[in-house]
Participant: 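Dumping the structure here so I can ask a few things about it.
Remember, it's 1-based here, ligands and their atoms both numbered in the order they're listed. FYI, the numbering just counts along the sequence from 1.
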Amino acid sequence: MAKVQFDGVRKVYDNGQVAVHGASFEIADGELMVLVGPSGCGKSTLLRMVAGLEEISAGTLRIGERVVNDVAPKDRDIAMVFQNYALYPHMTVADNLAFGLKLRGHDKAEVQRRVQGAAEALGLTSMLDKLPRAMSGGQRQRVALGRALVREPSVFLLDEPLSNLDAKLRHSVRTEIAQLHRKLGTTMIYVTHDQVEAMTLGQRIVVLNEGQIQQIDAPMALYERPANLFVAGFLGSPAMNVLRGGLQRGAAGLALLLPEGEEVPLDGAAIDPAWLGGELVVGVRPEHLQPGQGAASFKARIEGIEPVGNEIFVNLRFGTQALVMRVPPQILPAVGDDISVEVLPAALHFFDAARGERIEAQRQAA
Ligand code: ADP
């Protein structure tokens with residue numbers, strides 16, 4: 001087991017594309033860290049630099065205490081699982097698991113011990129004599145994990161390992177990976193573009209955009225205190241509502257004046273009055289809008305209702321502003337009708353309009 005340390009790690013491809021701008025952070029020994037962000041944000045490049053599959057353009061990368069910038073992949077004590085796992089079709093599960101170890105010259109007893117250990121950890125013991133084609137997609141992906149496991153590496157690297165599985169299987173293999181991590185306690189770096197996978201699997205998450213680290217924190221901390229508008233919009237489904245406007249003192253206390261003249265009441269929100277007259281972005285999660293007539297309420301038109309069973313997403317229009325409200329299953333006015341909507345002032349997020357950065361709580365305290 002080992003920690004992984006990035007110090008100003010940068011990647012510039014030969015064509016001049018800067019895929020990772022100086023990344024500095026540490027993954028603790030035994031931690032499951034998820035790298036997440038939209039396609040092209042640089043997460044695979046970051047992982048491939050740890051694997052030794054991409055050269056590091058600048059900065060220092062350490063696995064444990066050792067600088068590995070110039071260490072060959074096979075000498076890094078890592079194992080990688082890819083999206084496109086290729087099992088040997090003519091070999092049994094046992095032989096697929098053992099193959100790499102035999103190549104590396106481990107003796108028979110040691111190979112046997114590791115194959116048994118991996119098979120037990122992954123629930124493959126009864127399938128050791130099967131051929132891959134006789135197995136389901138999820139089982140085959142477990143064998144692919146097993147091939148990494150038998151290496152007993154100090155760091156596991158997983159690059160979108162579940163993308164080829166259907167939704168139900170993704171969920172069950174995800175749970176297995178989390179259990180495996182708890183059992184083994186090995187450092188894992190897991191790359192995904194899927195925010196749900198990131199939130200449910202990561203002990204901590206690195207959110208990336210355009211080669212830049214946006215924020216690193218525990219899943220719920222990212223959800224509750226996003227550092228900027230990118231993180232606020234990336235995590236959460238339906239996405240956080242964002243309203244851009246000027247902070248004014250309205251008839252009923254503080255209000256956000258939208259460009260088309262509508263006022264969103266912010267009475268009771270913890271925003272520093274020093275922002276009065278300034279341009280702000282207010283973020284409100286769909287679950288923090290509710291039908292209600294309280295002080296901080298406004299009228300919006302219902303444009304669509306999406307019942308998903310245990311809850312309903314209500315698409316609202318307030319002037320030119322589209323909003324999504326998330327409510328428990330309940331009777332609602334019809335599409336086209338107006339509804340009085342309340343915001344929960346304490347749950348609002350504030351960002352400065354110019355840079356999109358979170359206005360910190362201490363500055364919010366009036
Ligand atoms: P992600 O895994 O987040 O989708 P990547 O790390 O694969 O993103 O890519 C980051 C950026 O680097 C993208 O803009 C991508 O087009 C570019 N890139 C990736 N590989 C290469 C390469 N071999 N040569 C040039 N540019 C590349």
Side-chain angles (χ1 to χ4, degrees), residues 4-27 31-63 68-73 76 78-86 141 144-145 148 155-165 167 170 173-174 177 187-217 219 222 226-237 239 356:
V4 179
Q5 213 177 349
F6 298 82
D7 192 0
V9 170
R10 199 174 148 79
K11 177 67 188 182
V12 187
Y13 281 107
D14 290 342
N15 62 0
Q17 171 80 33
V18 184
V20 176
H21 299 260
S24 298
F25 65 103
E26 188 174 311
I27 300 165
E31 186 170 30
L32 200 176
M33 181 72 102
V34 173
L35 312 181
V36 74
S39 176
C41 71
K43 53 195 183 299
S44 299
T45 301
L46 210 46
L47 193 75
R48 290 168 62 82
M49 286 194 283
V50 181
L53 302 173
E54 291 295 348
E55 216 172 289
I56 296 168
S57 309
T60 310
L61 177 68
R62 286 185 181 79
I63 298 179
V68 294
N69 286 46
D70 299 317
V71 175
R76 289 191 182 198
I78 48 108
M80 190 150 171
V81 182
F82 297 93
Q83 169 180 351
N84 296 311
Y85 52 91
Q141 184 57 295
L145 280 170
V155 183
F156 274 106
L157 308 176
L158 300 108
D159 193 357
E160 306 251 8
L162 310 184
S163 321
N164 284 351
L165 306 178
R170 262 209 309 273
V173 182
R174 187 169 88 207
I177 291 175
T187 313
M188 286 189 180
I189 312 179
Y190 189 105
V191 161
T192 179
H193 65 276
D194 179 339
Q195 48 129 340
V196 175
E197 217 166 283
M199 290 288 287
T200 50
L201 206 47
Q203 289 179 311
R204 285 193 304 156
I205 300 174
V206 180
V207 184
L208 287 154
N209 189 34
E210 296 181 348
Q212 309 259 18
I213 294 177
Q214 304 294 308
Q215 192 172 4
I216 304 178
D217 215 328
L222 292 175
N228 59 38
L229 277 172
F230 178 82
V231 179
F234 188 74
L235 298 176
S237 176

Participant: Geometry only, no angles: is G42 polar-contacting ligand 1 at N/O separations under 3.5 Å?
Facilitator: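 Yes; the residue has a nitrogen or oxygen that sits under 3.5 Å from a nitrogen or oxygen of the ligand.
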Participant: Taking atom types as modelled, find out whether E197 and Y190 have a side-chain donor-acceptor pair closer than 3.5 angstrom.
Facilitator: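 Short answer, yes.
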Participant: Looking at atom 26 (N) of ligand 1, what's its closest protein heavy atom, distance included?
Facilitator: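 Heavy-atom neighbour on the protein nearest atom 26 (N) of ligand 1: Y13 CD1, 3.4 Å.
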Participant: Would you say P38 contacts ligand 1, with heavy atoms under 4.0 Å as the rule?
Facilitator: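 Checking ligand 1 against P38, which is what was asked, there is a heavy-atom contact under 4.0 Å.
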Participant: Hey, what do you get for CG (D194) to CE (M199), rounding to the nearest 0.5 Å?
Facilitator: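 Separation between the atoms: 11.5 Å.
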Participant: Cut-off 3.5 Å, side chains only: do Y13 and T45 have a donor facing an acceptor?
Facilitator: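 There is such a pair between these side chains.
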Participant: Please write down residue, atom name and distance for the protein heavy atom closest to atom 10 (C) of ligand 1.
Facilitator: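 Going by distance alone, atom 10 (C) of ligand 1 is nearest to G40 O, 3.5 Å.
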Participant: Check ligand 1 against N15 and write out every atom of the ligand that is under 4.0 Å from a heavy-atom position of the residue.
Facilitator: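 So the atoms of ligand 1 that pass are 25 (C), 26 (N).
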Participant: How close do I177 and P161 get, counting heavy atoms only, and between which atoms?
Facilitator: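 I177 and P161 have their closest heavy atoms at CD1-CG, 4.5 Å.
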Participant: Judged by modelled atom types alone, do N228 and Q214 share a side-chain donor-acceptor pair under 3.5 Å?
Facilitator: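 Yes, side-chain donor-acceptor contact under 3.5 Å.
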Participant: Is atom 19 (C) of ligand 1 near the protein, in the sense that some protein heavy atom lies at less than 4.0 Å from it?
Facilitator: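 Under the 4.0 Å cut-off, atom 19 (C) of ligand 1 does have protein heavy-atom neighbours.
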Participant: Counting only heavy atoms, which portion of T45 has something under 4.0 Å from ligand 1: side chain, backbone, both, or neither?
Facilitator: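 Both backbone and side chain of T45 come within 4.0 Å of ligand 1.
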Participant: Need the ligand 1 atom indices (1-based, order shown) with element for anything under 4.0 Å from a heavy-atom of A19.
Facilitator: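 Here the atoms of ligand 1 in question are 10 (C), 11 (C), 12 (O).
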Participant: So, taking the atom named OG1 in T200 and the one named CZ in R174, what distance separates them when rounded to the nearest 0.5 Å?
Facilitator: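 Rounded to the nearest 0.5 Å, the OG1-CZ separation comes to 3.5 Å.
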Participant: Going by the order shown, which atoms of ligand 1 are within less than 4.0 Å of some heavy atom of C41?
Facilitator: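 It comes down to these atoms of ligand 1: 1 (P), 3 (O), 8 (O).
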Participant: One residue to check: Q17. Relative to ligand 1, which of side chain, backbone, both or neither has a non-hydrogen atom less than 4.0 Å away?
Facilitator: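 Just the side chain.
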Participant: In the complex you have, is atom 6 (O) of ligand 1 within reach of the protein, judged by whether a heavy-atom distance drops under 4.0 Å?
Facilitator: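 It does; a protein heavy atom is within 4.0 Å.
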Participant: Looking at ligand 1, does any of its N/O atoms fall within less than 3.5 Å of an N/O of S44?
Facilitator: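 N/O-N/O distance under 3.5 Å: yes.
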Participant: Quick check for you: to the nearest 0.5 Å, what is the distance between L235 atom CG and I205 atom CD1?
Facilitator: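 Nearest 0.5 Å value for the CG-CD1 distance: 6.0 Å.
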Participant: Under 3.5 Å, is there a donor-acceptor pair between the side chain of R10 and the main chain of G59?
Facilitator: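 No; judged by distance alone, with no hydrogens or angles, the pair does not exist.
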